[in-house]
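Data block below; observations after.
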Protein chains: 2
Amino acid sequence: MPKETFYNLSDVKKERILDAAIDEFAKNDYHQANVTGVIEKSGIASGSFYQYFDGKKDLYKYLIGIILKRKLKYLDKEVMNSPEQLNFFDLLRQLYKGGIQFAEENPRLVAIGNNFINSKSKVCIDIREKQKPTSNQYFEKLIKDAIKKGDVKKDIDPTFTAKFLTSVNYALSDFIYAEKGLKENTMVIIDDLINVIENGIKK
Amino acid sequence: MPKETFYNLSDVKKERILDAAIDEFAKNDYHQANVTGVIEKSGIASGSFYQYFDGKKDLYKYLIGIILKRKLKYLDKEVMNSPEQLNFFDLLRQLYKGGIQFAEENPRLVAIGNNFINSKSKVCIDIREKQKPTSNQYFEKLIKDAIKKGDVKKDIDPTFTAKFLTSVNYALSDFIYAEKGLKENTMVIIDDLINVIENGIKK
DNA sequence: TAGTCACATGAAGCTGAATTCACATTCATG
DNA sequence: CATGAATGTGAATTCAGCTTCATGTGACTA
């Protein structure tokens, strides 16, 4: 976590530093991202950086936390208005579309997040292990519930299906990122996609 | 590419070095993998390493090349006996199952490969750019052909679907890798999966 | 005015990992 | 054996990037 001094900075300066950090980590994986890069982009002195953070790892952890929080908040506000009354597939649709929209609005955050999830770097594995509920486990729970509720047929493998849904979700964000933005047909693609899945696994 | 000296080595020694390298790069991403690790595992002197290879990057490129070659050869031999007469979905089934089997038989190679594909490291991007036909493009061509042949309906997005199929493919290998081996039901899962996809996009 | 506090600075130091290099050893050949 | 070309070796060097530290600045207080 950042030090007190960081929080005491003016919002403008905090923002400047954060923006530089996001830029650096969005363009590079953990190892390739340099503290020097953040320092140069934000125009602070290298010494100052260590007044604000315990070091590179500290900054990275902080970023990952922010990204997670923002995404959850976003999904919560934008799409998860009424998770209880939705059936599994509509919920999935909401989640995917929300995820896409988030990726569209925050491409750099998503770049960092996707990299974080896939990375084999010790630092990333370390952080991931401390974060109890992964996207994977979240989906798995959702699927098990859906089976109980009768939305989804019994004979699918929840673990694999969760993995499948998660990876398709990442593929979607990647797609948006690579294509540099939403196209008119993106949401149609998602609807098609969910229909495919729905046909395959609904009861 | 390795230097002449490497090729002159006895097969046993070449194998020992290659094995050490595969181990090192399977357990770590490009940046985290150390030449020192390869040196220690293979029991050669650090100086010798530079007699055989131009450096870390050179070794890595060589490994990636080997992995690609082995996988292609494997798919070619094991599953692609008659690509012409298969319809798109049977071909897909073959490819997936072949991929899974390859992952089962060569978990370390697949670990390196998957990491290579996802990595943002300059070295990886560099190598990827020089390799013309990606798995993605291969699928895209397959899909376009399938649309022409009438196996797949016209109104899907080939680019996205290729991305989708590729990412599901990776998810599958990852799954095998994480679960540490094939289960009795793995092939059933794949069949189900293809059925789902087939229902969704066939004409 | 002096003292203290909070933040700012960048040169200097540290570290770990890649790479080099000067010397040692092996081995095929005459 | 003798020779030297090929190969082996690991201590020393280089280097990039993270981090520390000694010192500076300005604002607020007594």
Side-chain angles (χ1 to χ4, degrees), chain A residues 1-18 20-21 23-64 119-124 126-127, chain B residues 1-18 20-21 23-64 119-124 126-127:
Chain A
M1 284 292 97
K3 299 179 180 175
E4 202 47 40
T5 44
F6 177 72
Y7 293 111
N8 292 340
L9 293 174
S10 74
D11 284 355
V12 173
K13 192 161 186 179
K14 272 206 289 276
E15 201 44 56
R16 192 149 49 85
I17 294 170
L18 229 43
D23 199 64
E24 183 68 15
F25 282 100
K27 287 186 180 146
N28 304 287
D29 63 21
Y30 180 78
H31 288 284
Q32 253 184 324
N34 295 334
V35 173
T36 313
V38 179
I39 286 165
E40 279 170 4
K41 281 174 202 167
S42 59
I44 61 174
S46 57
S48 299
F49 178 80
Y50 292 90
Q51 303 265 14
Y52 308 146
F53 300 96
D54 263 340
K56 182 178 175 179
K57 188 172 167 178
D58 184 40
L59 166 62
Y60 187 65
K61 275 188 194 172
Y62 178 58
L63 274 188
I64 293 297
S119 174
K120 265 187 186 172
S121 162
K122 248 190 198 143
V123 176
C124 295
D126 211 55
I127 301 174
Chain B
M1 285 290 97
K3 299 180 180 174
E4 202 47 40
T5 46
F6 177 72
Y7 292 112
N8 292 340
L9 257 29
S10 74
D11 284 356
V12 174
K13 192 161 188 180
K14 272 206 289 273
E15 200 46 55
R16 190 150 49 83
I17 294 171
L18 228 43
D23 199 65
E24 183 68 15
F25 282 100
K27 286 184 180 147
N28 305 286
D29 63 22
Y30 181 78
H31 289 285
Q32 251 182 324
N34 294 334
V35 172
T36 314
V38 179
I39 286 164
E40 280 168 4
K41 281 174 203 167
S42 59
I44 61 174
S46 56
S48 300
F49 178 81
Y50 291 90
Q51 303 267 16
Y52 308 146
F53 300 95
D54 263 341
K56 183 177 174 178
K57 188 172 168 178
D58 184 40
L59 166 62
Y60 187 66
K61 275 187 193 172
Y62 179 58
L63 274 188
I64 293 297
S119 173
K120 263 186 188 173
S121 161
K122 249 191 198 145
V123 176
C124 296
D126 211 54
I127 301 175

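Side chains are part of it too, since the values below use all heavy atoms of this structure and drop only hydrogens, waters and symmetry mates.
Between A:Lys3 atom NZ and C:dC5 atom P there is a gap of 18 Å when expressed in whole angstrom units. B:Lys122 places its NZ atom 13 Å from the C1' atom of D:dA16, with the value rounded to the nearest Å. If you measure from atom NE2 of B:His31 to atom C1' of C:dG16, you get 15 Å, rounded to the nearest angstrom.
Shortest non-hydrogen contact noted between A:Lys120 and B:Lys27 is CD-O, 4.3 Å.
Scanning for side chain to side chain donor-acceptor pair (under 3.5 Å) contacts around B:Lys3 gives an empty result, with sequence neighbours left out.
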Problem set entry | Chi angles and distances behind the side-chain contact (heavy atoms from CB on, under 4.5 Å) call for A:Ser121, B:Asp29 | CA-CA 7 Å; A:Ser121 162; B:Asp29 63 22; 3.9 Å; yes
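Counting any heavy atom pair closer than 4.0 Å across all strands shown, B:Thr36 reaches sugar-phosphate atoms only and no base atom.
The nucleotide whose nearest atom lies closest to any side-chain atom of A:Val35 is, among C:dG10, D:dC18, C:dA6, D:dC18. Nearest nucleotide to the B:Ser46 side chain, out of C:dA17, C:dA8, C:dT20: C:dT20.
Proximity of B:Asn34 to the phosphate of C:dG16: no side-chain N or O atom is located under 4.0 Å from OP1 or OP2. Regarding contacts with the backbone of C:dA6, every side-chain N or O of A:Asn8 stays at 4.0 angstrom or more from both OP1 and OP2. Residue A:Lys13 has a polar side-chain atom (N or O) positioned under 4.0 Å from OP1 or OP2 of C:dA8.
Contact annotation: the side chain of B:Glu40 never approaches that of B:Asn34 to less than 4.5 Å [non-hydrogen atoms, C-beta and beyond]. Contact of the A:Ile17 side chain with the A:Phe6 side chain is registered, since non-hydrogen atoms from C-beta on lie closer than 4.5 Å.
Residues from residues 48-61 of chain B lying near DNA chain D, meaning a heavy-atom separation below 4.0 Å, are B:Ser48, B:Gln51, B:Tyr52 in numerical order.
The list of side-chain hydrogen bond (donor to acceptor under 3.5 Å, both in side chains) pairs with a residue in residues 50-59 of chain A, not counting sequence neighbours, is empty.
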